[in-house]
Amino acid sequence: MDISLYVHIPFCKKKCRYCDFVSLNSSDEFIERYLRALEAETVARSKEYKNAKIKTLYFGGGTPSLLTARQFLRISDAIKNNFDIDLVETTVECNPESVSEEKLIAYKNAGVDRISVGVQSLDNGILRFLGRIHDREAAINAVKLAVKYFDNVSCDLIIGVPGESVFSVLNSVDVLCGEGITHISAYGLKIEEGTVLYDMQTAGMFETDDDFAADVYDAVCARLRDKGFHRYEISNFAKAGFESAHNKCYWKRTPYLGLGAAAYSFDGFSRFNNTENVTLYAEKLESGILAEVNRATLSKEDAMTETVMLSLRTEGGLDVKSFNEKFGCDFMRDKAEALEKNRRFLQIENNNIKLNKEYYYISNSIISDLI
Ligand SMILES: C[S@@+](CC[C@H](N)C(=O)[O-])C[C@H]1O[C@@H](n2cnc3c(N)ncnc32)[C@H](O)[C@@H]1O
Ligand code: SF4
């Protein structure tokens, strides 16, 4: 069985104001303790997955580039020494303030072939609003360094941030493309409960504007199209041949295994995840126990819902024939009413349903009608 492997490094120098991912600022001692636990989980899980071949590997966070080169190599070696690997893509997420030439060389020597730099914006005012600890110059330098060593470099942007202008977002896009990157993920800002931005919004310190966010998204799509990037998922744009193999596996619902605190897994039938409590994660592994907290086998309805939801976000859309065969249903008949209601947002031809690209920004409401 081919699988994808995700490794979570839950450490950051400082929490960004918008972020609700599991990440914290820890001591060097605790990071060492976490890495020992991660090695132990790698060994334990590799025994369960001895018939699996790892096709894609993704070090995400948190901030994987916060690890020293030596710490990164420890984990990378543990994976190679325990799993059967046949990698087509290995990605490391890097933050501008912690990436360095030495680390990039170590990644390269370890077989990494894709770097994802968390830029978010090249506008210093927006970076401050988001609570990022780097500025425009540091982000550009990190991208330059990544492009020097890697042919496949992606940048994350957050768009639709209150106070930004279309001009400033397009400047970020232009400058990053000018550096020779091959992929951009442009995520609309989500204000998550429990974050600093959520509290600021609740206190009336700023307002969000969906129409403005839609305009920014359209402008980014058009600019990236002009620059030869095609949109292969709602938030993801790539030069031909540089689509992320790892992300595609999530959207196609092929199996993946997550290692580390808060990491999620899917074995084709069930979803399960590790505890989000990083200390508990370490304690469990120290006692020789996996830190898994939830395991749910998906019902047929769950699997159908996920398939519709994930495939409609992608360029390929929903293949109705294979959906009907897989789930023993007749999608066009069963969803006739919702399909009619959303007719103008959809492209339906040759047993395939796609969202019309100009309606991507209202995808959530269209998709929820269809599931
Ligand atoms: C979990 S972060 C890890 C990447 C890396 N630590 C960084 O900050 O650059 C992955 C990406 O998710 C996006 N992201 C996280 N929280 C978000 C939010 N509330 N709204 C929109 N995008 C978000 C950011 O673009 C970020 O780069
Ligand atoms: S966005 Fe990245 S750097 Fe910021 S807190 Fe989240 S994981 Fe850490």
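For the single chain, residues carry numbers from 1 onward in sequence order.
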Before you tell me yes or no, could you show the steps for Phe72 and Tyr107 under ring-ring contact (aromatic ring centres under 6.0 Å, His included), namely the whole-Å CA-CA distance, both residues' side-chain angles and the distance that decides it to 0.1 Å?
CA-CA 8 Å; Phe72 173 82; Tyr107 301 156; 4.7 Å; yes

Can a side-chain donor-acceptor contact be found between [Y] and [X] if the only test is distance below 3.5 angstrom?
| X | Y | value |
| --- | --- | --- |
| Ser4 | Lys55 | no |
| His183 | Glu243 | no |
| Tyr34 | His8 | no |
| Asn95 | Ser65 | no |
| Asn273 | Asn294 | yes |
| Ser299 | Asp302 | yes |
| Asn141 | Arg136 | no |

Same hydrophobic cluster for [X] and [Y], using side-chain heavy-atom links shorter than 4.5 Å among ILVMFWY?
| X | Y | value |
| --- | --- | --- |
| Leu310 | Ile366 | no |
| Phe345 | Leu312 | yes |
| Ile158 | Val175 | no |
| Tyr187 | Phe237 | no |
| Tyr198 | Val196 | yes |

What verdict does the side chain to side chain donor-acceptor pair (under 3.5 Å) test give for Asp369 and Asn342, after you've listed the backbone C-alpha separation in whole Å, the side-chain angles of each residue and the deciding distance to 0.1 Å?
CA-CA 8 Å; Asp369 274 349; Asn342 289 286; 3.1 Å; yes

Distance-only, no hydrogens or angles: does the [X] side chain make a donor-acceptor pair with backbone N or O of [Y] under 3.5 Å?
| X | Y | result |
| --- | --- | --- |
| Asp319 | Lys321 | yes |
| Glu32 | Asp28 | no |
| Lys103 | Ser98 | yes |
| Glu179 | Ile181 | no |
| Ser265 | Gly258 | yes |
| Asn324 | Phe331 | yes |
| Glu276 | Ala262 | no |

Work out which heavy atom in [X] is nearest to a heavy atom in [Y]; give both atom names and the distance.
| X | Y | answer |
| --- | --- | --- |
| Gly163 | Ile126 | C-CD1, 4.0 Å |
| Gly118 | Arg132 | O-NH2, 2.8 Å |
| Glu41 | Gly260 | OE1-N, 2.7 Å |
| Leu157 | Ser121 | CD2-N, 4.0 Å |
| Asp156 | Ser116 | OD1-OG, 3.9 Å |
| Phe129 | Pro162 | CE2-CD, 4.1 Å |

So, taking the atom named [atom1] in [X] and the one named [atom2] in [Y], what distance separates them when rounded to the nearest 0.5 Å?
| X | Y | atom1 | atom2 | value |
| --- | --- | --- | --- | --- |
| Leu38 | Ile79 | CG | CD1 | 7.0 Å |
| Thr90 | Arg114 | OG1 | CZ | 11.0 Å |
| Cys19 | Glu192 | SG | CD | 8.5 Å |
| Leu290 | Tyr281 | CG | OH | 8.5 Å |

Passes side-chain contact (heavy atoms from CB on, under 4.5 Å), Val112 versus Leu104? Steps please.
CA-CA 9 Å; Val112 172; Leu104 289 168; over 6 Å; no

Is it true that [X] and [Y] have a side-chain N and a carboxylate O under 4.0 angstrom from each other?
| X | Y | answer |
| --- | --- | --- |
| Glu29 | Arg33 | no |
| Arg271 | Glu306 | yes |
| Asp84 | Lys50 | no |
| Arg231 | Glu315 | no |
| Glu340 | Arg343 | no |
| Arg295 | Asp267 | yes |

If the test is side-chain contact (heavy atoms from CB on, under 4.5 Å), which one of [options] qualifies with [X]?
| X | options | value |
| --- | --- | --- |
| Leu122 | Asp135, Leu176, Leu127 | Leu176 |
| Arg74 | Leu35, Thr68, Leu67 | Leu35 |
| Tyr18 | Ile191, Leu130, Thr195 | Leu130 |

In this structure, are over 12 heavy atoms from other groups packed under 6.0 Å from [X] atom [atom1]?
| X | atom1 | result |
| --- | --- | --- |
| Asn356 | CG | yes |
| Gln347 | CD | yes |
| Lys14 | NZ | yes |
| Met205 | CE | no |

Would you call the rings of [X] and [Y] parallel, tilted or perpendicular, taking 30° and 60° as the class edges?
| X | Y | result |
| --- | --- | --- |
| Tyr256 | Tyr250 | perpendicular |
| His246 | Tyr6 | tilted |
| Phe11 | Phe30 | perpendicular |

Both conditions, 6.0 Å and 45 degrees, for the charged tip of Lys108 above the ring of Phe150: are they met here?
yes

Answer whether the closest heavy-atom distance between the side chains of Met332 and Ile353 falls below 4.5 Å.
yes

Answer whether the closest heavy-atom distance between the side chains of Thr307 and Phe323 falls below 4.5 Å.
yes

By side chain to side chain donor-acceptor pair (under 3.5 Å) - contacts of Glu101 (at least two apart)
Lys148, Tyr149

Could you work out, with side chain to side chain donor-acceptor pair (under 3.5 Å) as the rule, every residue matching Asp174, not counting sequence neighbours?
Arg223

Hey, mind stepping through Thr42 and Asn82 against side chain to side chain donor-acceptor pair (under 3.5 Å) and telling me if it holds?
CA-CA 7 Å; Thr42 303; Asn82 288 284; over 6 Å; no

Decide side chain to side chain donor-acceptor pair (under 3.5 Å) for Thr63 and Lys13; before the verdict, give the C-alpha distance in whole Å, the side-chain angles of both, and the deciding distance to 0.1 Å.
CA-CA 8 Å; Thr63 311; Lys13 271 193 189 151; over 6 Å; no

List the steps, then state whether side chain to side chain donor-acceptor pair (under 3.5 Å) holds for Glu89 with Tyr58.
CA-CA 8 Å; Glu89 182 185 279; Tyr58 194 103; over 6 Å; no

